[in-house]
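On a predicted model such as this, the values are computed, not experimentally measured, just so you know. Each chain gets a letter, A, B and so on, in the order its sequence line appears, and its residues count up from 1.
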There are 2 protein chains.
Amino acid sequence: MSKSKIKDTTKISNAVIKRLPRYRRYLKELKKKGVDKISSNELSSLIGYTASQIRQDLNNFGGFGQQGYGYNVDGLYNEISAILGLDREYKMVIVGAGNLGQALANYTHYYRAGFVVKALFDVNPRLVGLRINDIDVLDSEGLVEYVEDNEIDLGIICTTKDNAQEIADKLCFAGVKGIWNFAQVDLEVPNHVALENVHLSDSLYTLAYKVSGNAAQNGGAGFEE
Amino acid sequence: MSKSKIKDTTKISNAVIKRLPRYRRYLKELKKKGVDKISSNELSSLIGYTASQIRQDLNNFGGFGQQGYGYNVDGLYNEISAILGLDREYKMVIVGAGNLGQALANYTHYYRAGFVVKALFDVNPRLVGLRINDIDVLDSEGLVEYVEDNEIDLGIICTTKDNAQEIADKLCFAGVKGIWNFAQVDLEVPNHVALENVHLSDSLYTLAYKVSGNAAQNGGAGFEE
DNA sequence: GCGATTTTGTGCGTTTTTTAACGATACTTA
DNA sequence: TAAGTATCGTTAAAAAACGCACAAAATCGC
Ligand SMILES: NC(=O)c1ccc[n+]([C@@H]2O[C@H](COP(=O)([O-])OP(=O)(O)OC[C@H]3O[C@@H](n4cnc5c(N)ncnc54)[C@H](O)[C@@H]3O)[C@@H](O)[C@H]2O)c1
Ligand SMILES: NC(=O)c1ccc[n+]([C@@H]2O[C@H](COP(=O)([O-])OP(=O)(O)OC[C@H]3O[C@@H](n4cnc5c(N)ncnc54)[C@H](O)[C@@H]3O)[C@@H](O)[C@H]2O)c1
């Protein structure tokens with residue numbers, strides 16, 4: 001499927017990466033609708049990025065399209081999935097079995113996408129021992145050992161912000177490859193560990209800014225980011 | 001406090017706005033520690049943005065600092081809070097009282113910050129009638145009327161993606177000023193309604209990208225975004 | 001099978017964003 | 001109070017991101 005042309009994908013800008021999941025979402029919809037092929041122009045009017053940007057984004061990874069034809073929906077979907085690393089399974093633990101930790105554990109879609117929550121961890125003895133969506137809540141004393149023994153790939157931090165750095169340190173020590181952080185704090189992790197923050201409050205405050213008189217109104221079609 | 005110099009804040013770039021909540025978080029910490037003043041250089045080594053960028057960002061809104069001194073922590077915190085629109089109260093409803101809707105309703109910090117959840121809405125009769133964190137779960141039949149009657153400012157969408165656009169339409173019709181969307185879909189809203197998306201899956205997939213071999217490693221101190 | 005048409009991949013100019021440099025200004029201390 | 005120092009606000013330069021335009025290549029219709 002992919003051409004033999006070798007691209008250096010080691011320094012793709014963050015802006016490009018952030019758009020990939022969005023491409024994938026639209027391609028998934030198109031697949032579901034039974035659409036076989038799509039041109040950058042058609043994609044553009046769906047997604048809201050310029051056709052030029054779409055072509056340029058995709059070309060960072062390889063020539064997935066064909067002149068005069070466009071892109072094969074199924075093929076492109078698979079390529080992007082592979083680029084994102086979604087063609088494998090990720091073992092995860094959630095640390096902090098409170099509101100958010102439980103909500104994530106109950107969310108079944110990730111499992112289907114290859115993200116498997118193996119265990120939850122908490123310090124609260126009233127939570128330890130529970131089963132949430134068939135996943136055990138374990139005592140966080142055993143976190144490091146569990147992560148090591150079960151070769152956990154990703155740690156999800158859903159504790160209060162005061163404990164987050166400590167948890168992150170433990171997770172990194174135990175060998176996770178990435179951390180998905182929901183605590184409202186910026187964590188320090190070693191270079192070889194990936195970090196993705198979900199700062200919900202920051203997002204809400206951004207919304208407040210847009211709503212309050214200070215901000216310019218969205219002039220366009222409701223796309224952003 | 002603020003100088004009389006008039007700035008045109010109607011076309012501040014999104015990149016700047018996204019950094020404001022982060023400035024505010026660090027200033028809050030400094031306040032808590034009893035720090036009175038801070039220079040752009042000191043802030044830089046805390047936050048990880050260049051001192052130059054910090055000064056330029058802040059200058060978009062006014063000259064909050066003083067030469068030879070720096071910035072007054074308390075004053076700057078208040079200025080940024082005001083810019084973000086956090087010096088008022090927002091009335092909110094959550095549509096979709098599932099995992100995520102309940103997690104948000106249970107989260108008490110937003111209340112303190114002026115974001116008050118007035119009601120949850122759901123179609124599921126088994127959820128309607130419940131009280132979550134002292135907030136009623138109402139039948140979503142009455143959504144439009146409730147939003148109109150109670151002058152709700154913001155709608156939070158926590159339903160499945162298939163219903164999200166319909167809910168958004170109702171919320172907009174009923175007069176909300178902004179929508180915080182957690183459904184994995186890009187919504188269309190009128191120009192005068194602000195929209196902020198939290199695409200959790202996109203964030204997770206970005207993490208997968210960074211973890212998978214494709215990505216370049218984070219060369220620095222663990223800061224990003 | 002061939003010409004008209006479509007559409008990509010890509011070089012290049014433009015815009016946006018970030019970083020650097022520095023004069024102006026206010027603080028600090030002796 | 002005045003010299004010296006710290007630090008901002010701002011302008012200029014550099015870098016990054018984006019969009020335009022077009023040649024090359026493949027498709028599609030006849
Ligand atoms: N719930 C939300 O809507 C929301 C919104 C914005 C931000 N957040 C952030 O997400 C994080 C979690 O939020 P939440 O609402 O689930 O909080 P929560 O209080 O419901 O849950 C936190 C859980 O972490 C556990 N915990 C604390 N220290 C721990 C440790 N050292 N090891 C293991 N477990 C530990 C607690 O026992 C608790 O069960 C917080 O940092 C919060 O600021 C949540
Ligand atoms: N929970 C997570 O961890 C998670 C992660 C990523 C994305 N999301 C997204 O967030 C959204 C909510 O997730 P969730 O886990 O809370 O799902 P959920 O299924 O637990 O809750 C959805 C709720 O919405 C209600 N609902 C459906 N249609 C409605 C309508 N028309 N009006 C009012 N209520 C309606 C349902 O009855 C249900 O209670 C989904 O779009 C999901 O894709 C959730």
Side-chain angles (χ1 to χ4, degrees), chain A residues 1-20 22-23 35-73 75-76 79 216 219-220 223-225, chain B residues 1-20 22-23 35-73 75-76 79 216 219-220 223-225:
Chain A
M1 184 102 349
S2 38
K3 300 254 181 75
S4 60
K5 196 178 297 179
I6 288 147
K7 300 259 178 180
D8 179 10
T9 59
T10 57
K11 44 172 191 264
I12 309 271
S13 85
N14 235 317
V16 175
I17 304 305
K18 288 251 174 97
R19 283 191 290 270
L20 292 180
R22 184 156 166 167
Y23 290 129
V35 179
D36 281 337
K37 66 165 186 174
I38 191 148
S39 71
S40 57
N41 258 304
E42 292 168 312
L43 249 185
S44 169
S45 59
L46 277 176
I47 304 193
Y49 303 144
T50 64
S52 181
Q53 178 156 73
I54 292 171
R55 290 200 299 277
Q56 204 147 32
D57 280 354
L58 298 177
N59 255 98
N60 281 306
F61 303 98
F64 303 138
Q66 294 229 299
Q67 278 104 328
Y69 177 84
Y71 298 87
N72 177 277
V73 170
L76 188 55
E79 292 280 6
F223 300 120
E224 107 275 9
E225 203 149 329
Chain B
M1 184 106 350
S2 39
K3 300 254 180 76
S4 61
K5 196 177 298 179
I6 288 149
K7 299 260 177 180
D8 180 9
T9 59
T10 59
K11 44 172 189 267
I12 308 272
S13 86
N14 237 317
V16 175
I17 303 305
K18 288 250 174 97
R19 284 192 290 270
L20 292 181
R22 184 156 168 168
Y23 289 130
V35 178
D36 282 336
K37 67 166 185 175
I38 191 149
S39 70
S40 56
N41 258 304
E42 291 168 313
L43 249 186
S44 170
S45 59
L46 277 176
I47 304 192
Y49 303 143
T50 63
S52 186
Q53 179 158 70
I54 292 171
R55 290 200 298 276
Q56 203 149 31
D57 280 354
L58 298 176
N59 256 97
N60 281 307
F61 303 96
F64 302 137
Q66 295 228 298
Q67 279 104 326
Y69 177 84
Y71 298 87
N72 177 277
V73 170
L76 187 56
E79 292 280 5
F223 300 120
E224 110 273 12
E225 203 151 328

Between A:Val16 and B:Ser39, just flag the one whose closest nucleotide in DNA chain D comes earlier from the 5' side.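 Its nearest nucleotide lies further toward 5', so the answer is B:Ser39.
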Can you check the [X] [atom1] to [N] [atom2] distance for me, whole Å?
| X | N | atom1 | atom2 | answer |
| --- | --- | --- | --- | --- |
| B:Asp57 | C:dT16 | CG | P | 17 Å |
| A:Gln66 | D:dA24 | CD | P | 18 Å |
| B:Gln67 | D:dC8 | CD | P | 8 Å |
| B:Phe64 | D:dT10 | CZ | C1' | 16 Å |
| A:Asn60 | D:dA16 | CG | P | 14 Å |
| B:Asn72 | D:dA6 | CG | P | 21 Å |
| B:Asn41 | D:dC8 | CG | P | 7 Å |
| A:Tyr69 | C:dT8 | OH | P | 11 Å |

Under 4.0 Å between a side-chain N or O of [X] and OP1 or OP2 of [N]?
| X | N | result |
| --- | --- | --- |
| A:Asn59 | C:dT8 | no |
| B:Tyr71 | D:dG9 | yes |
| B:Ser13 | C:dT16 | no |

Quick check: closest heavy atoms across [X] and [Y], and the distance to 0.1 Å?
| X | Y | result |
| --- | --- | --- |
| A:Phe64 | A:Leu58 | CE1-O, 3.8 Å |
| B:Lys37 | B:Glu42 | O-OE1, 4.4 Å |
| A:Asp57 | A:Val16 | OD1-CG2, 3.7 Å |
| A:Ser40 | A:Ala51 | O-CB, 3.6 Å |
| B:Tyr49 | B:Ser44 | O-OG, 2.6 Å |

Within this structure, what is the [atom1]-[atom2] distance for the pair [X] and [Y], rounded to the nearest 0.5 Å?
| X | Y | atom1 | atom2 | result |
| --- | --- | --- | --- | --- |
| B:Arg55 | B:Asn41 | CZ | CG | 7.0 Å |
| A:Ile12 | A:Leu20 | CD1 | CG | 8.5 Å |
| A:Leu46 | A:Ile38 | CG | CD1 | 5.0 Å |

Please test B:Ile54 against B:Tyr23 for side chain to side chain contact (heavy atoms under 4.5 Å, CB included), starting from the C-alpha separation and ending with a verdict. CA-CA 9 Å; B:Ile54 292 171; B:Tyr23 289 130; 3.7 Å; yes
Could you list the protein-to-nucleotides 19-22 of chain C atom pairs, N/O on both sides, closer than 3.5 Å?
unit_1: C:dT19; atom_1: OP2; unit_2: B:Thr50; atom_2: OG1; d: 3.3
unit_1: C:dT19; atom_1: O4; unit_2: B:Gln56; atom_2: OE1; d: 2.7
unit_1: C:dA20; atom_1: N7; unit_2: B:Ser52; atom_2: OG; d: 2.8
unit_1: C:dA20; atom_1: N6; unit_2: B:Ser52; atom_2: OG; d: 3.3
unit_1: C:dA21; atom_1: N6; unit_2: B:Arg55; atom_2: NH2; d: 3.2

Please report how far the helix from C:dG1-D:dC30 to C:dA30-D:dT1 bends, comparing the axis fitted to its first five pairs with the axis fitted to its last five, to the nearest 10 degrees. 30°
